[in-house]
A.B. asks: 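Once you've had a glance at the structure underneath, I'll fire off some questions.
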Amino acid sequence: MKLTPPLGIFGGTFDPIHNGHIFPVIEAAEKTNITKIALMPCYIPSHKDPATASSEDRLKMVKLICGQYPLFYADSRDINRGKPTFSVDSLTEIRQSMPTTPLCFFIGTDSLQNLFTWHNWEKLFSLCHFVVCSRDGETLNAINTYSDALQTLLKKRQVTDPIALHNSLAGYIYLANTQTLTVSSTEIRKQIFNNQSVEKLLPSKILDYIQRHKLYQPHTDFC
Ligand code: ATP
């Protein structure tokens, strides 16, 4: 079967999207020669937390990033479903519509470490590869600190040459060993709530959007 170039998929809550999402993924895309990545915000029930942005706001922020970086486009399928779903559901859907495209799911090392808790995680390896961005200072040396089960999985699935991601549809893990940026959406929400500066943690377009729409502010109107 002749394969088309791989598609990257990067899912997250993106509440809000920040530099730690954007720059490690751009770097990993350069290392793997992946030229298109779908940013896929997940759906969160609107009643979850008053300080959490709506699906609509999170998608709009993702779209602002897509306008700025041609590498990315927004995939709103999870949000459009309007109910919480699993990565395996979205990947199954994408695989059905793209039977000859290698799919590369981008995640951070924290997500890699909890992969075994993901719904139907084993099936994911028949649907996609994983490209892993470093998080919180974790270099490749951190592998020794991973659980035995994860080290065994890596022995079976890890590739060090990203060409493998282009030559088969699914099944490999590539540790991209990207520069780490210590930032999380939780920390950003907390800092905005406490009136602290977050301008170094996210693009100015996103900060601007947050300020214009008064997101993540202390809530006074509980009902
Ligand atoms: P929260 O703090 O709300 O849990 P988050 O900042 O961890 O959010 P998510 O939207 O939950 O962000 O994460 C989506 C994906 O991005 C996950 O695979 C996560 O590992 C990765 N990621 C998030 N922040 C970073 C970062 N600073 N460096 C590398 N990967 C990251």
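Atoms within each ligand, like the ligands themselves, are counted from 1 in listed order. Treat the numbers as computed from the prediction; the structure is a model and nothing was measured.
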A.B. asks: Are any non-hydrogen side-chain atoms of Ile143 and Gln158 less than 4.5 angstrom apart?
C.D. replies: yes
A.B. asks: Name the residues in contact with ligand 1, where contact means a heavy atom under 4.0 Å away: which are they?
C.D. replies: Phe10, Gly11, Gly12, Thr13, Phe14, His18, Gly20, His21, Ile107, Gly108, Asp110, Ser111, Ser134, Arg135, Leu181, Val183, Ser184, Ser185, Thr186, Arg189
A.B. asks: Nearest 0.5 Å please: distance from the NZ atom of Lys31 over to the CG atom of Leu165.
C.D. replies: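 It comes to 13.0 Å.
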A.B. asks: Looking at Asp57 and Lys60, does any basic side-chain N land under 4.0 Å from a carboxylate oxygen?
C.D. replies: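 Looking at Lys60 together with Asp57, the answer is no, because their closest N to O distance does not fall below 4.0 Å.
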A.B. asks: Measure the OG1-CG distance between Thr32 and Asp161 for me, rounded to the nearest 0.5 Å.
C.D. replies: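 Thr32 atom OG1 to Asp161 atom CG measures 11.0 Å (nearest 0.5 Å).
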A.B. asks: Would you confirm whether the ring centroid of Trp121 sits within less than 6.0 angstrom of the ring centroid of Phe116?
C.D. replies: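 Between Phe116 and Trp121, the centre distance is under 6.0 Å.
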A.B. asks: Any side-chain donor-acceptor pair under 3.5 Å between Asp15 and Ser185?
C.D. replies: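 The criterion, which ignores hydrogens and geometry beyond distance, is not satisfied for Ser185 and Asp15.
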